[in-house]
Number of protein chains: 2
Amino acid sequence: MELAKTPEIKEPVYRWDEKAIKQIVRDMGLKVTQQRLTILECILRGRDHITAQELYEAVQAKDPNLGFATVYRFLKQLTEQEYVSEVRMGGLPARYEWARKKSHHDHLTCKQCGSICEFENQQIEDLQEAIAKSFGYILTSHVLELYGICPECQKEDGILPGTKNFS
Amino acid sequence: MELAKTPEIKEPVYRWDEKAIKQIVRDMGLKVTQQRLTILECILRGRDHITAQELYEAVQAKDPNLGFATVYRFLKQLTEQEYVSEVRMGGLPARYEWARKKSHHDHLTCKQCGSICEFENQQIEDLQEAIAKSFGYILTSHVLELYGICPECQKEDGILPGTKNFS
DNA sequence: TTATAATTGAGAACCATTATTATTTAGTTG
DNA sequence: CAACTAAATAATAATGGTTCTCAATTATAA
């Protein structure tokens with residue numbers, strides 16, 4: 001099967017300065033508190049696919065008094081307003097990523113090492129839309145998570161000839 | 001977008017008699033216990049997309065001494081050996097269905113009432129395979145869950161003209 | 001039949017997440 | 001700027017699905 005070429009994603013350079021971050025909170029219709037700014041900073045400047053706990057730890061480094069309930073609460077609001085998207089894999093803790101800096105994408109996760117590849121595929125998106133429509137549904141969201149073994153782990157497993165092996 | 005026609009699924013008639021059920025447990029490399037037979041019976045004869053708790057209740061009706069730990073334990077083993085497949089939606093309890101009586105399919109869930117439609121689409125399957133391959137992954141499984149508002153709930157919401165309304 | 005390793009039931013433990021509540025604070029109004 | 005009020009917070013308890021522990025029981029192999 002031939003994959004349709006997806007155009008190169010141009011990653012715009014965002015400046016997440018204090019002002020911009022404050023504006024996000026205001027746009028959400030919430031009060032601008034230091035806690036929310038701290039949390040947002042960590043989300044925007046930290047790495048993607050972070051768990052609530054990881055975020056809490058990152059936030060703790062900046063403000064040891066900031067409680068984890070605040071992190072969860074704000075994270076939920078961000079999710080509801082679709083500023084961040086929530087990815088749940090199996091029964092594992094949810095992972096979050098800032099949803100507005102890149103176009104929509106899905107995930108390909110290695111079952112062994114947990115490494116994540118992102119991809120986007122318009123054909124699949126269109127098919128999903130068509131399927132929902134055929135059932136009379138209004139499609140609001142979807143979860144597409146592919147699981148597999150990454151090239152690195154294939155080597156380690158001896159599925160492919162490789163050098164590394166677990167003892 | 002045009003949907004490719006998927007051929008009608010011919011549902012073979014399975015006879016889940018005692019003997020067949022016992023054989024499943026043996027095939028799994030497990031001891032044949034009355035508890036496992038009872039649980040399997042409930043899974044095979046009950047309805048699809050059942051939660052562990054619902055299954056526990058069904059099982060309780062047949063054997064009030066059967067503990068929920070046993071249900072969870074066996075359910076996990078069934079999942080690992082892919083006799084049942086586990087569907088997790090958001091943070092909701094996992095739902096299970098017997099995986100070997102029908103061909104693979106995905107789910108379209110109503111966010112409001114939780115009703116589930118099943119669908120299968122070979123084009124999407126193929127695309128997934130192709131994507132994994134393009135990253136060098138061996139695809140082992142996937143989760144595709146579409147979320148939307150079903151026609152019934154659209155009416156209730158007043159999105160579509162309808163008769164029913166919440167007070 | 002006996003041995004033994006697997007299985008079970010009961011309940012405790014776990015862990016991510018949510019709710020509660022008394023206290024503090026942001027943003028508004030005078 | 002000061003006072004007010006609704007929103008937000010920290011701490012902690014509660015929740016709920018799922019997994020673990022362990023002593024007692026049981027299926028299977030010998």
Side-chain angles (χ1 to χ4, degrees), chain A residues 18-19 21-42 49-81 84-96, chain B residues 18-19 21-40 42 49-81 84-96 114:
Chain A
E18 184 97 2
K19 217 166 87 180
I21 292 180
K22 276 186 182 168
Q23 194 52 49
I24 293 171
V25 183
R26 260 186 233 106
D27 289 347
M28 292 176 74
L30 300 173
K31 290 187 175 175
V32 176
T33 65
Q34 191 49 58
Q35 288 92 330
R36 284 174 175 156
L37 298 181
T38 303
I39 294 170
L40 263 183
E41 230 174 83
C42 288
H49 308 121
I50 199 172
T51 66
Q53 288 299 333
E54 285 163 359
L55 179 56
Y56 172 60
E57 281 159 30
V59 155
Q60 277 280 303
K62 297 196 174 192
D63 177 359
N65 289 326
L66 211 161
F68 69 87
T70 305
V71 173
Y72 274 103
R73 224 173 315 139
F74 190 38
L75 217 34
K76 201 179 181 188
Q77 292 166 318
L78 284 164
T79 303
E80 277 161 3
Q81 303 207 22
V84 307
S85 65
E86 190 188 48
V87 180
R88 287 179 192 261
M89 330 210 190
L92 278 53
R95 291 185 172 274
Y96 299 88
Chain B
E18 183 98 3
K19 215 163 92 180
I21 292 181
K22 277 187 180 167
Q23 193 54 48
I24 293 171
V25 182
R26 262 187 231 105
D27 287 349
M28 292 175 74
L30 299 173
K31 290 187 175 174
V32 175
T33 65
Q34 190 49 58
Q35 288 92 332
R36 283 174 177 155
L37 298 182
T38 302
I39 294 171
L40 263 184
C42 288
H49 308 123
I50 199 172
T51 66
Q53 289 297 333
E54 286 163 357
L55 179 55
Y56 172 60
E57 281 158 30
V59 154
Q60 278 278 305
K62 298 195 175 195
D63 177 359
N65 289 325
L66 211 162
F68 69 88
T70 305
V71 173
Y72 274 103
R73 235 179 335 218
F74 191 38
L75 218 34
K76 200 177 182 189
Q77 291 166 319
L78 284 164
T79 303
E80 278 162 2
Q81 302 207 20
V84 307
S85 66
E86 190 187 47
V87 180
R88 288 180 192 261
M89 332 209 187
L92 278 52
R95 290 184 174 272
Y96 300 87

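Rounded to a whole Å, the CD1 atom of B:I50 is 17 Å from the C1' atom of D:dT18. Between A:I39 atom CD1 and D:dT9 atom C1' there is a gap of 10 Å when expressed in whole angstrom units. The OH-C1' distance, from A:Y56 to D:dT12, rounds to 12 Å in whole Å. One atom, CG of A:L66, and another, P of D:dT9, lie 8 Å apart when rounded to the nearest Å. One can place CD of A:Q77 at 12 Å from P of D:dA7, the figure rounded to the nearest angstrom. Regarding A:L37, its CG atom lies at a distance of 13 Å from the C1' atom of D:dA8, rounded to whole Å.
Dashed line: the shortest gap from a side-chain N or O of A:T70 to OP1 or OP2 of D:dA10 is under 4.0 Å. Dashed line: the shortest gap from a side-chain N or O of B:R36 to OP1 or OP2 of C:dT8 is under 4.0 Å.
Taken from CD in A:Q35 to OG1 in A:T38, the straight-line distance is 7.0 Å, to the nearest 0.5 Å. One distance of note links OH of B:Y96 with CG of B:L78; it measures 10.0 Å at 0.5 Å rounding.
Under a cut-off of 6.0 angstrom, the local environment of NZ in B:K62 is crowded, with over 12 non-hydrogen atoms contributed by other residues, nucleotides or ligands.
A salt bridge between B:E86 and B:K76 is absent, with no side-chain N of the basic residue lying under 4.0 Å from a carboxylate O of the acidic one.
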Quick one: what's the B/S/- string for nucleotides 14-30 of chain C, heavy-atom cutoff under 4.0 Å, read 5' to 3'? --SBBB------BS---

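Considering only residues two or more places apart in sequence or on other chains, B:T33 meets the side chain to side chain donor-acceptor pair (under 3.5 Å) condition with none of them.
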Could you walk me through whether B:M28 and B:Q77 pass side-chain contact (heavy atoms from CB on, under 4.5 Å), step by step? CA-CA 8 Å; B:M28 292 175 74; B:Q77 291 166 319; 4.1 Å; yes

